[in-house]
Every structure is written in C-alpha cells, then in structure tokens.
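See below for the structure under consideration.
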Amino acid sequence: MSDESVESVRPLERGLAVLRALAPAEPGRLRAGDLVRATGLARSTVDRVVATLAHLGYVRVRGQELHLTPRLMELGNAYLAASGLTGEVAARTARLADELDESVSLAVPDGDGVRFVTQAARRRAMSVAFRIGDLLPPERCAPGALFAQEWDEARWAAWRTRTAAEDATEAAHATEATRDASAAYPALPPGPAPHGLPDLAARVARSRETGWALDDQLIEPGLIAVAVPVRDGAGRIRYALSAVSHTSRHTADGLADAMLPRLRAEAARLARLSAVQPSPPAEGPARAPATDAVAAKADLGPGFLQSLARGLAVLRALGEARGDGLPLTALAAATELPRATARRCLHTLERAGYAAHDGRLYRPLPRILELGHAPLSGLTFAEIAEPHLRDLTDRVRQSASVTVLDGTDIRYVARAAAARVMSVHITVGTRFPAYATAMGRVLLAGLPGPERARLLAAAPPRALTARTVTETGALARLLDRAAADGHATADQELEEGLRSVAVPVRDARGRVVAALNVAQHAGSGPLAEARDALLPVLRETAAAIETDLHTAARFNTVRLS
Ligand code: PHB
C-alpha cells in the first residue's frame, strides 16, 4: 500500500504522462502541441519535459517532430529483467514455437489486462503478431480467462464497469467506442469481436475446470489460440503460455488437442525455472546514476527537470530487483540519491502503476511496458541505424551506409546519402562482392577462420578495377589487419574514383553483425588522412548504433535485414 503522507514528484508524473502520450502514436506523428492537448499540461511544461527526455536520450527531436528512441526500451527492460524473463525463457519459447510450428507467447496479468512479455512468432501471411509490451483486454484473448481466475471482487467490478461503459458508448455512437477501445488497446484490431463475445465468467469457470483457455476468433476472424497457466511456487498464475494459430490450419478444438500436451509440459518446465535467475547482460555502457542529473542541470538550467531524471533513474534501478524486490536502501544506493528522494520517486511510480512494494521490498510492474515498449520492439535494425546514419552524414557531409553479409556479398540495409551526387547509385538492397569493399572486409574479418575461408573460396576474388586486391595471401593479410585494427579501407577497388572506410557493428555478445562506412571520392586527399579523420566519427556512430541495438535486442528479436 502506498503511504499517503509522502508527496508525489510532479515532474516525474508529468514526464510519465508525456511518455504515455507519445507511445501509441505513429513514429514522428506527434508534435509538442499534440502533447499539450493529450496531457492537459502547459506548453512550457511540455517543452521542459521534452527537453529533459531528449537530454536523457529517450526522445529525438527532428524539426517539429518528436520520436521515441530505442534507448527508452531500457525502462521496459527493467521490468522484464526483474521478472526473470531470462535468455533461457526466450530460448525455450522459441524452441517450442519451432516444435509446434506455431507462434508462441508469454503474457502476464496487468490490472485487468493481458500484457505480452515474450514472443516467438512464425511469419505467416495470415497472422497478427502481438509485440512485447502489447496489451489486450481479457475478454478478447485466451490468457484473460486464466488470469481472471484470480481476480477479486473489486477487479471484477472494475472490469464490468469498463465493459458496460464501452457497450453503452458503442450503442450511442459506434465509431467513438471503437476509437476509445483502440486508444486503451492500440494492439487490438479495430471493430468488435468477429462472432460476438462469450461471457468471460463462463470462460473462467470452464478454464478453472480444464486448466486451459481458448480464444476462438475473439480478436479477428481466423485467429485462434490456446493458453495454459505457468504457476509460481505459491501456486499463483505467473504467466500464460499461448500457442496461436489460424482456422486455415486448425479448428479451435483441434488446436487444443494438438497443442495441449506440449504446452503443458513446457509450462511445467517454465514453472521450475526459479524466479531468481541471472538476467541477460545489461544494455550498453552502464547508465550513470541519478547524480548525472546534477551535471545536466548545470548545462541546461531551468529547462532540465532534475527530478524527472532522478525518478527515471529509480525506475531503471528497479530492474536489479529479483524475486520479491529491492529495499529502499539498495535503490537509494544504486541511484546515489538521498533515501527521502528515492522514496518520493518510488511513491510516485507506485501511484502511476509502475512499481509496487510488499513490506520493505520494491519491484517494477508490467505497466512500465506501456511507455513505448511495444512500438519500439517492432523496430528493425535498419530503423535503429537510420537516425545515426543521418547524424553521421550531417557531420561529415558524405554518404554513410550499413550493410550485412549475405552469402559472399554485402547487402545494404540502411543508407543516408549526402546531398552531393555520388558516382555510384546505391540503394537499400544493393549488393557488392564482399572482398572488394571496406565493409565486406570488416564483415569477413569478423567471421571464424573456416567460415571466412569458405566464403572466399565460394566466390574467388576477381579484379573489378585495376586496384582490386585479388591475390589470396594479400587478401588474407588485409582481413587479419581489419580484425586487429577494428576497421578496413578499400581504395577504388570496387569502382574507379570511389573509396571507403568501414568499422564493425557488434551485437551484445561481441559478434560482428553489420558494417558501417563512409564513402567518398578518391580525389579528396591521401587515403590515410581521410581514414584518420573519419575513424573517430565512424567509431562514435557505431557505438551509438550498438547501444540502441543492445537495448532493443535484450529481450526482443531485432531483425537484421
Ligand atoms: C498471441 O500470442 O499472439 C496471442 C495469444 C493469445 C491469444 C491471442 C493471441 O488469445
């Protein structure tokens, strides 16, 4: 229970309100004026909140447009880390999805809603895939009937009030109701359930008897799902484990028959994985504690809301909680805040539904995922890289690109072209032989020796210009150098007049997953000078992309291309 004698931290409340208002919008659709309307805050307040969030790296301001950044996912990651969703859980659900050849998800109860926390999706023409952080109403999905088994009278009453209000508005003016429901549940396809809604209480009674729950096209035509509970040591439902399919592959009852034995076996295994588990490595460089906010305050003056920064530092620190949670002392120490300050932040987070405490111990709650996590978890690697490529191109006034290895080629996945006309026309999807390019060398250099040799043998180098290095020994030495130096160059080896400097982009385990380059005309001075001038900027950009990638990929699969 929260202590009413503790005052809330207003700037933290306002910052959270702004993040909520930004979250469901299409990327870049929102401007400060929209936030004023959505939150009811004064324009000057919104501006200070946005400036503070931009300084913290959670919001990117481009012209008038506001964008959430992948870095913001570190808030949701704090919840996911604390709730024991380790790499092992993700690997297990992925394996089960392979075995069943259907999408598999884990969801947790969030208020009366159902919040997705793990997804292993099969890509199919006819399937909705919910993302980590998406919220569904309990009456529209399989897990809802399981979670509602544990509702108390107050929760049932709140749910009845909400659904009755929706029915009433729907009767009055259907479009308004649809809009209301889609604002509360942005992941839900618009419109009513295709075949009407069975009574939730009846579904709950059935699932209590059988131990599983069914979604027979409660969300959209054709979509069916079956869910089983994963219980904690005390026997309470901790997750719902669901398998999702389509009526073109299974009938609803057929799905249950086909999936239940393996779903149940897996639920038993997940239940045995103890709550106290090592989590995947924390994202990027360790975040500075809240004392960082003092420096920012000095930099930005009254435009910087120090107590918003501190509150978000406390929220992130909750990510270290395991099992029952962390005491105030530990949270104050982790954030280097006075106990009283940390306590007010926690109180504010509790009031907003993002944290809870049991006796002395505080823990984060799944509602944190409403702060932009679902839209951001849909980002591809290219979308993560693009803003950084634009910044790089703005700084060096030359084209910058990111490529991945595709067989023996490099393939462009993102690019920011400089305004000046280049001699080559390159777009996303363009391929070049890896051996003749700086990016290809960085990518080949990142491979284990045998794999590198296999690729070089599969497409024996040939001269594309008079300068292309094709001799096996010389190329091997170039690749070893690239691996040792952490960069590579290519000077007019792909095309006369064009040269490039490249550095690797690594995943959280240190594997090279992509290459980043700047390409320029060969006429602009000696290559060594250009390389020395570009390398620091290239390395900084690669590090910024890596920080975002590691944050986004900590609990989520980021598609590389
Ligand atoms: C899903 O994981 O996409 C899912 C799970 C349960 C449902 C519907 C969809 O009832």
Side-chain angles (χ1 to χ4, degrees), residues 80 85 89-90 92-110 112-149 181 185-198 200 203-204 206-207 210-230 237-256 258-260 262-264 266-267 270 366 369 373-374 377-378 555-557:
L80 296 168
L85 289 159
V89 174
R92 287 197 153 284
T93 50
R95 223 175 302 138
L96 183 62
D98 282 342
E99 242 179 80
L100 300 175
D101 196 26
E102 300 288 359
S103 295
V104 168
S105 64
L106 279 179
V108 295
D110 180 354
D112 70 13
V114 173
R115 182 85 65 183
F116 289 99
V117 293
T118 305
Q119 268 293 355
R122 304 284 88 178
R123 293 188 172 283
R124 289 223 165 89
M126 283 180 298
S127 66
V128 287
F130 294 106
R131 299 163 301 190
I132 295 179
D134 274 332
L135 183 73
L136 291 181
E139 68 276 13
R140 296 285 296 270
C141 61
L146 299 175
F147 296 157
Q149 289 177 18
Y185 303 100
L188 197 61
H195 307 295
L197 280 180
L200 180 61
R203 287 179 62 223
V204 169
R206 204 170 324 123
S207 77
T210 61
W212 52 277
L214 193 65
D215 163 2
D216 185 1
Q217 309 177 67
L218 301 176
I219 295 173
E220 64 173 24
L223 182 77
I224 51 177
V226 57
V228 299
V230 177
I237 300 180
R238 178 162 174 185
Y239 309 119
L241 175 66
S242 305
V244 192
S245 189
H246 193 271
T247 47
S248 61
R249 293 192 296 282
H250 286 282
T251 62
D253 289 332
L255 180 72
M259 305 287 142
L260 272 173
R262 271 175 297 186
L263 274 180
R264 284 187 161 135
E266 191 54 41
L270 286 171
L369 293 166
H373 207 87
S377 71
F555 292 97
N556 192 51
T557 310

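For the numbers below, each heavy atom of this structure counts, side chains included, while hydrogens, waters and symmetry mates do not. As the structure lists them, so they are numbered: ligands from 1, and atoms in each ligand from 1.
Residues forming a side-chain contact (heavy atoms from CB on, under 4.5 Å) with P109 (at least two apart in sequence, or on another chain): F147. Applying the side-chain contact (heavy atoms from CB on, under 4.5 Å) criterion to A256, with sequence neighbours excluded, gives W212, V226, L260.
A donor-acceptor pair under 3.5 Å is absent between the side-chain atoms of R122 and the main chain of S103, judged by distance alone.
The F116 neighbourhood of ligand 1 comprises atoms 1 (C), 2 (O), 4 (C), 5 (C), with distances under 4.0 Å to a heavy atom of that residue. Residue Q119 has at least one heavy-atom neighbour below 4.0 Å for each of these atoms of ligand 1: 1 (C), 2 (O), 3 (O). Each of the atoms 6 (C), 7 (C), 8 (C), 10 (O) of ligand 1 lies under 4.0 Å from some heavy atom of A225. Within ligand 1, the atoms closer than 4.0 Å to a non-hydrogen atom of I219 are 8 (C), numbered from 1 in the order shown. For ligand 1 and V244, the ligand atoms under 4.0 Å from any heavy atom of the residue are 1 (C), 2 (O), 3 (O), 4 (C), 5 (C), 9 (C). Distances below 4.0 Å separate heavy atoms of C141 from the following atoms of ligand 1: 7 (C), 10 (O).
For the atom pair CG (L218) and CD1 (I224), the distance works out to 11.0 Å, reported to the nearest 0.5 Å. The distance from the NE2 atom of H373 to the CG atom of D134 is 10.5 Å, given to the nearest 0.5 Å. Interatomic distance, I219 CD1 to F130 CZ, rounded to the nearest 0.5 Å: 4.0 Å. A distance of 13.0 Å separates CZ of R92 from OG1 of T118, quoted to the nearest 0.5 Å.
Under 4.0 Å from ligand 1, heavy atoms of A142 appear from its side chain as well as its backbone. Contact annotation: for S242 versus ligand 1, heavy atoms closer than 4.0 Å belong to the side chain alone. With a heavy-atom cut-off of 4.0 Å, V104 does not touch ligand 1 at all. Contact annotation for P143 and ligand 1: only side-chain heavy atoms (C-beta onward) come within less than 4.0 Å of the ligand.
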Exercise. Given the rule in the side-chain contact (heavy atoms from CB on, under 4.5 Å) test, do V108 and Y239 qualify, once you have shown the distances and angles that lead to the verdict?
Worked result: CA-CA 5 Å; V108 295; Y239 309 119; 3.5 Å; yes
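Considering backbone and side-chain atoms together, S105 places an N or O closer than 3.5 Å to an N or O of ligand 1. Residue contacts with ligand 1: D215 is placed with a nitrogen or oxygen under 3.5 Å of a nitrogen or oxygen of the ligand (distance criterion only).
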